[in-house]
Amino acid sequence: AALAVLALSARVLLSEVAHGNVNMAVGATVVASARAWRGGRELRAGLWAALGAALKVTPALLVAYFLWKRSPRALAGAGAGIVAFLALPAIFLGWSFNLELLAGWWRQMAEPYLGAAPLSVVQTEHTNQSYLGVLARLTSDSVAIRARPPAFEADVAVNLVSLPTGALRAVHLALAAATLAVLALALRVPRAARGSAATLGELSMVALAMAFLSERSWKHHYVLLALPLAYLAWTLATRPARDRVWWVCAAALALSAVLNGLTGSGVLGARGSDLAEAYGAWLWGALALFAACAVALRSSSPAALLNDGPRGPEQGRR
């Protein structure tokens, strides 16, 4: 199981290291928050989530997870942490410059997205594997791949239909709402059973939803792919092969491996790999993992989860 996780996640992790981005550090805050939550250290879990949200917004979905779990200590930690971590740079940069940078980030990143500004090539190009990026490419006459001779002599569009901007936004909101609804239905682990492996399944779905709901999620943003891969590999290792859930998890892992593999230039070449990304290969593979995690979680009763794994989180809560 461990070798399978390493094999299936190595490409995105090595690509992240090669590009020198910060997604690995952001992913580390999510994992630290998850470990603290599983161990009953709720305040610390909130603080780690806040640090991730201060670096990139998407880990703020963990705060919604803590809200759903009715954890005032985790929410208090997140609230205090966000204020502290956003203010901390001011000690070194000065308060006015820090506020100027925060305002500039808001104008460039948050305001256009929340205000439904027209989509630019930054959102629609093939590297964006979020709901918004894939949906925009498939349902609007937008640039999916920029001209890059000799592989692409001109800009490439891959849309199957052409929806009005309002309709595209409505479909995007519907997809986001459906994802959060599926996530909510799958979050069934009782607080007393947080030491169970199913907690990894829940947080795996949260990590994947972070990438789906973001305005832009390059493949490097899928560094937390190791979480659902680990949970599904564990499910295969602990369930009998005759179980329907076993086959669902196996199919999801295989589909994810194939789709992610198609985006490698060694498989389809530079042109074919870009087209695979343009049609959303990373997103569809991750959605398969998301659905399989939901099926595995829904197949276990809350009573059974109480007997799965360590029983110490509530006793060790502090």
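Defined by atom type and a distance below 3.5 Å, a donor-acceptor pair is missing between the side-chain atoms of Gln123 and Asn128. For Gln129 and Ser217, the side-chain atoms include no donor-acceptor pair closer than 3.5 Å. In this structure, a donor-acceptor pair under 3.5 Å is absent between the side chains of Arg244 and Ser299. The closest side-chain donor-acceptor pair between Tyr222 and Ser9, if any, does not fall under 3.5 angstrom. Residues Arg38 and Ser196 have side chains that never bring a donor and an acceptor to within less than 3.5 angstrom of each other. Between the side chains of Glu202 and Tyr65, at least one donor-acceptor pair of N or O atoms lies under 3.5 Å. Under 3.5 Å, the side chains of Asn260 and Lys219 contain no donor-acceptor pair of N or O atoms.
Atom CG of Leu61 and atom CG of Leu67 lie 11.0 Å apart (nearest 0.5 Å). The distance from the CD1 atom of Ile145 to the NE2 atom of His126 is 5.5 Å, given to the nearest 0.5 Å. Taken to the nearest 0.5 Å, the OG1 atom of Thr238 stands 4.0 Å off from the CH2 atom of Trp234. Interatomic distance, CG of Leu62 versus CG of Leu203, reported as 6.5 Å (0.5 Å rounding). A distance of 3.5 Å separates CG in Leu168 from OG1 in Thr139, rounded to the nearest 0.5 Å. A distance of 12.0 Å separates CG in Asp141 from CG in Leu163, rounded to the nearest 0.5 Å.
With hydrophobic clusters built from ILVMFWY side chains whose heavy atoms lie under 4.5 angstrom apart, Leu225 shares a cluster with Leu183. Leu253 and Trp247 fall within a single hydrophobic cluster, where Ile, Leu, Val, Met, Phe, Trp and Tyr are joined by side-chain heavy atoms under 4.5 Å apart, directly or via other members. Linking Ile, Leu, Val, Met, Phe, Trp and Tyr whenever their side-chain heavy atoms come within less than 4.5 Å puts Leu138 and Leu259 in one cluster. A continuous path of ILVMFWY side-chain contacts below 4.5 Å connects Val5 to Leu200, so both sit in one hydrophobic cluster. A single hydrophobic cluster is not seen to contain both Leu75 and Phe85; linkage of ILVMFWY side chains at heavy-atom distances under 4.5 Å, directly or through other members, places them apart.
At least one side-chain heavy atom of Leu232 sits under 4.5 Å from a side-chain heavy atom of Cys293. The shortest side-chain heavy-atom distance between Leu213 and Thr58 does not fall under the 4.5 Å cut-off.
Nearest approach of Ala211 to Ser130, heavy atoms of both residues: O-CB, 3.7 Å. For the pair Val223 and Asn23, the tightest heavy-atom approach, listed with the atom from each and the gap, is CG2-O, 3.5 Å.
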CA sep, side-chain torsions, deciding dist, call: Leu287, Tyr131, side chain to side chain contact (heavy atoms under 4.5 Å, CB included) = CA-CA 10 Å; Leu287 276 171; Tyr131 278 156; 3.4 Å; yes
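For Arg169, the CZ atom is densely surrounded, since the number of other residues' heavy atoms within 6.0 Å is greater than 12. Within a 6.0 Å radius of CH2 in Trp284, no more than 12 heavy atoms belonging to other residues, nucleotides or ligands are found. Atom CG of Leu3 sits in a sparse spot, with 12 or fewer heavy atoms from other residues, nucleotides or ligands closer than 6.0 Å. Surrounding CD of Glu153 are more than 12 heavy atoms belonging to other residues, nucleotides or ligands, all under 6.0 Å away.
Ring orientation note: the planes of Trp37 and Phe66 are tilted relative to one another, at an angle of 30° to 60°. Using a 30° and 60° split on the angle between ring planes, His220 and His19 fall in the tilted class, from 30° to 60°.
Trp282 pairs in a side-chain contact (heavy atoms from CB on, under 4.5 Å) with only one of the listed residues (Val134, Thr127, Thr263), which is Thr263. When each of Arg216, Arg146, Arg137, Arg148 is checked for a salt bridge (Lys or Arg N to Asp or Glu O under 4.0 Å) with Glu125, only Arg146 meets the rule.
No side-chain donor-acceptor contact under 3.5 Å links Asp243 to the backbone of Leu236.
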